[in-house]
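Below is one structure, written out as structure tokens; comments come after it.
Numbers here are sequence positions counted from 1.
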Amino acid sequence: MTAEPVAAETATRRRALLAACGAHAIHDGLTDLIYVLLPIWQSQFAISYAMVGLLRGAYSGMMAGFQLLASRLARRWGRARMLVGGTALAGVAYLIAGQAGGIAMLLVALLLGGLGASPQHPLASSMVTDSHEAGGGVKQALAQYNFAGDIGKTLIPGLVGMLLVVLSWRASVTLMGLLGLGAAALLWWLIPAHHAGASPVGAAAATAVRTGSASGLRALLLTGVLDSAVRMGFLTFLPFLLKSKGAGTAGIGLALSLLFVGGAFGKLLCGYLGARIGMMKTVWLTESLTALLIVLAVWLPQAGVLAVLPWLGLALNGTSSVLYGTVPELAAPGKREQAFALFYTGTIGGGALAPVLFGRLGDAAGVPVALVALAAILLLTLPLAWRVNHAL
């Protein structure tokens, strides 16, 4: 008598996780596709590096700035409508970009794309949490969700890179717009009706026993900001470090691939590790290892750097899965989506500011000094992780 309801609940969890993973893969892939297109747009429209930075910042700024608003609007319109609408808007943005005749139209398209991407992180994360809370395995499910985002970052820019060999950039971008619209239609069908609203009844009841911890959430947010800042700062300086060690374009490309592959599996592995040994021990392990390997990368020759990069990627990216999985444990009842939105906004903001701040240090003292400073700052996450663990 109980087998059918259990099977139905299991199927619902799987559909919710699949929908969230699909949304994450599409949105992260479309977001990182901009890195492939920026050099083409610079040549096509004869724009300065400052304008290149503005184009990239327009997308990420809109995405970060409207996440909190998206979580609030989901309470009125429901998760499914916001996720589907945002994905469709991202697709439309790429259709507009494919027809852009000037920099103004391209800027409008990227602003719309960032706006469309803003609901994905807070709403999809909350949907994964709500769907898996009753049966357990929240942290593992969030690790799979984060892993899917890295898969999208790898596949979509890689696909467009191959398309550019046989098609114009306009045709390639237009196809990505159609991909976004197709993904929106698939999400509308895939998201379970039970999780289409803002807060399913079962999840609300499950969180009602928790009071949340504002101080713990602040400590977690600061941990995430520092972790994201170091990650983006290291990614910014790594090509210059490798170039100083004699690496060419192919060597730098190989190094980044090794780092990203390690990072993708790090998100999956550390999510499971956090569920086994706890958040604090996992963060202490990954952040200490990251700081050590960054310092080693500064001093090792090129071959040694390539050897440690997969392990560095695993530790560098893996921490985020543990931190994301802790957000629902610290959120106050009924405030889960806002907590996710605040966390993602802070981490994206920290990642955006770090290259600017540490770039100035690199100009003044050199890239090795800037990287060692990043490693030192990462150690500040250790006492913060202890504070988060105390709140838990």
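For the pair Leu55 and Ile34, the minimum side-chain heavy-atom distance is 4.5 Å or more. In this structure the side chain of Leu112 reaches within 4.5 angstrom of the side chain of Ile96, judged on heavy atoms. Contact of the Leu382 side chain with the Ser288 side chain is registered, since non-hydrogen atoms from C-beta on lie closer than 4.5 Å. The shortest side-chain heavy-atom distance between Leu226 and Leu384 falls under the 4.5 Å cut-off. Taking 4.5 Å as the limit, every side-chain heavy atom of Gln120 sits out of range of all side-chain heavy atoms of Thr87. Counting heavy atoms from C-beta on, the side chains of Lys153 and Thr31 never come closer than 4.5 Å. Proximity of Trp311 to Leu289: side-chain heavy atoms (C-beta onward) are nowhere separated by under 4.5 Å. You'll find the side chain of Leu285 reaches within 4.5 Å of the side chain of Leu273, heavy atoms only.
Between atom CG of residue Leu378 and atom CD1 of residue Ile294 there is a gap of 6.0 Å, rounded to the nearest 0.5 Å. Rounded to the nearest 0.5 angstrom, Leu330 CG and Arg218 CZ are separated by 11.5 Å. If you take CZ on Phe147 and CD1 on Ile151, they are separated by 4.0 Å, rounding to the nearest 0.5 Å. The distance from the CG atom of Leu18 to the CD atom of Gln144 is 10.5 Å, given to the nearest 0.5 Å. Rounded to the nearest 0.5 Å, atoms CZ (Phe45) and CG (Leu107) are 11.5 Å apart. Note that the CG atom of Leu83 and the CG atom of Leu123 stand 5.0 Å from one another [nearest 0.5 Å].
By the 6.0 Å and 45° rule, Arg81 does not stack over the aromatic ring of Trp188.
Atom CH2 of Trp169 sits in a crowded spot, with more than 12 heavy atoms from other residues, nucleotides or ligands closer than 6.0 Å. No more than 12 heavy atoms of other residues, nucleotides or ligands shown are found within 6.0 angstrom of CZ on Arg14. More than 12 heavy atoms of other residues, nucleotides or ligands sit less than 6.0 Å from atom CZ of Phe237.
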Requested in this report: Quick one: do Arg276 and Thr282 satisfy side-chain contact (heavy atoms from CB on, under 4.5 Å)? Show the steps, please.
Outcome: CA-CA 9 Å; Arg276 297 295 183 273; Thr282 305; over 6 Å; no
Report task. Please test His24 against His121 for ring-ring contact (aromatic ring centres under 6.0 Å, His included), starting from the C-alpha separation and ending with a verdict. Result -> CA-CA 7 Å; His24 200 186; His121 281 122; 5.2 Å; yes
Report task. With side-chain contact (heavy atoms from CB on, under 4.5 Å) as the test, would you mind laying out the steps for Ser244 and Val367 before giving the verdict? Result -> CA-CA 9 Å; Ser244 70; Val367 170; over 6 Å; no
Query raised in the report: Does the pair Asp130 and Arg79 meet the rule for a salt bridge (Lys or Arg N to Asp or Glu O under 4.0 Å), with working shown?
Result: CA-CA 12 Å; Asp130 290 346; Arg79 283 183 190 147; 2.4 Å; yes
Requested in this report: For side-chain contact (heavy atoms from CB on, under 4.5 Å), just list the numbers for Ile156 and Leu179, CA-CA rounded to whole Å, side-chain angles, deciding distance to a tenth of an Å, and then say yes or no.
Outcome: CA-CA 10 Å; Ile156 291 181; Leu179 175 64; 4.2 Å; yes
Requested in this report: Please test Leu111 against Tyr59 for side-chain contact (heavy atoms from CB on, under 4.5 Å), starting from the C-alpha separation and ending with a verdict.
Outcome: CA-CA 5 Å; Leu111 289 171; Tyr59 195 102; over 6 Å; no
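Checked by atom type, the side-chain pair Arg387/Ser215 shows a donor-acceptor distance below 3.5 Å. Between the side chains of Thr319 and Thr286, a donor-acceptor pair is found at a separation under 3.5 Å.
Side-chain N or O atoms of Ser228 include none that pairs as donor or acceptor with a backbone N or O of Gly224 at under 3.5 Å. The backbone N or O of Leu89 sits nowhere less than 3.5 Å from a side-chain atom of Tyr94 that would complete a donor-acceptor pair. Of the possible polar contacts, none joining the Asn389 side chain to the Ala385 backbone as a donor-acceptor pair under 3.5 Å is found. Checked by atom type and distance alone, the side chain of Ser118 pairs as donor or acceptor with a backbone atom of Leu115 at under 3.5 Å. Judged purely by atom type and a 3.5 angstrom limit, Arg15 has no side-chain atom pairing as donor or acceptor with the backbone of Ile191. Under the 3.5 Å distance criterion, the side-chain polar atoms of Lys245 are matched with a main-chain donor or acceptor of Leu300. Between the side chain of Ser320 and the backbone N or O of Asn317, at least one donor-acceptor pair lies under 3.5 Å.
Residues Val160 and Ser172 come closest through the heavy atom pair CG1-CB, 4.3 Å. Shown here for Ala124 and Ala20, the closest heavy-atom pair between the two residues is O-CB, 3.8 Å. Of all heavy-atom pairs spanning Leu217 and Ala339, the tightest one is CD2-CB, 4.1 Å. Contact detail for Ser126 and Pro122: the closest heavy-atom pair is OG-O, 2.8 Å. The two residues Val388 and Gly216 have their closest heavy-atom pair at CG2-O, 3.8 Å. Closest non-hydrogen pair, Leu17 versus Ala141, comes out as CD1-O, 3.7 Å.
There is no path of hydrophobic side-chain contacts, each under 4.5 Å, that joins Ile277 to Leu220. Both Met105 and Leu95 sit in one connected hydrophobic cluster of ILVMFWY residues. Membership requires side-chain heavy atoms under 4.5 Å apart, directly or through other members. A chain of hydrophobic side-chain contacts below 4.5 Å, direct or via other Ile, Leu, Val, Met, Phe, Trp or Tyr residues, connects Leu316 to Leu242. Both Val166 and Leu37 belong to a common hydrophobic cluster when Ile, Leu, Val, Met, Phe, Trp and Tyr are linked at side-chain heavy-atom distances under 4.5 angstrom. Clustering ILVMFWY residues whenever any of their side-chain heavy atoms sit less than 4.5 angstrom apart, transitively, puts Leu167 in the very cluster that holds Leu164.
Judged as a side chain to side chain donor-acceptor pair (under 3.5 Å), and not counting sequence neighbours, the contacts of Thr345 are Gln67.
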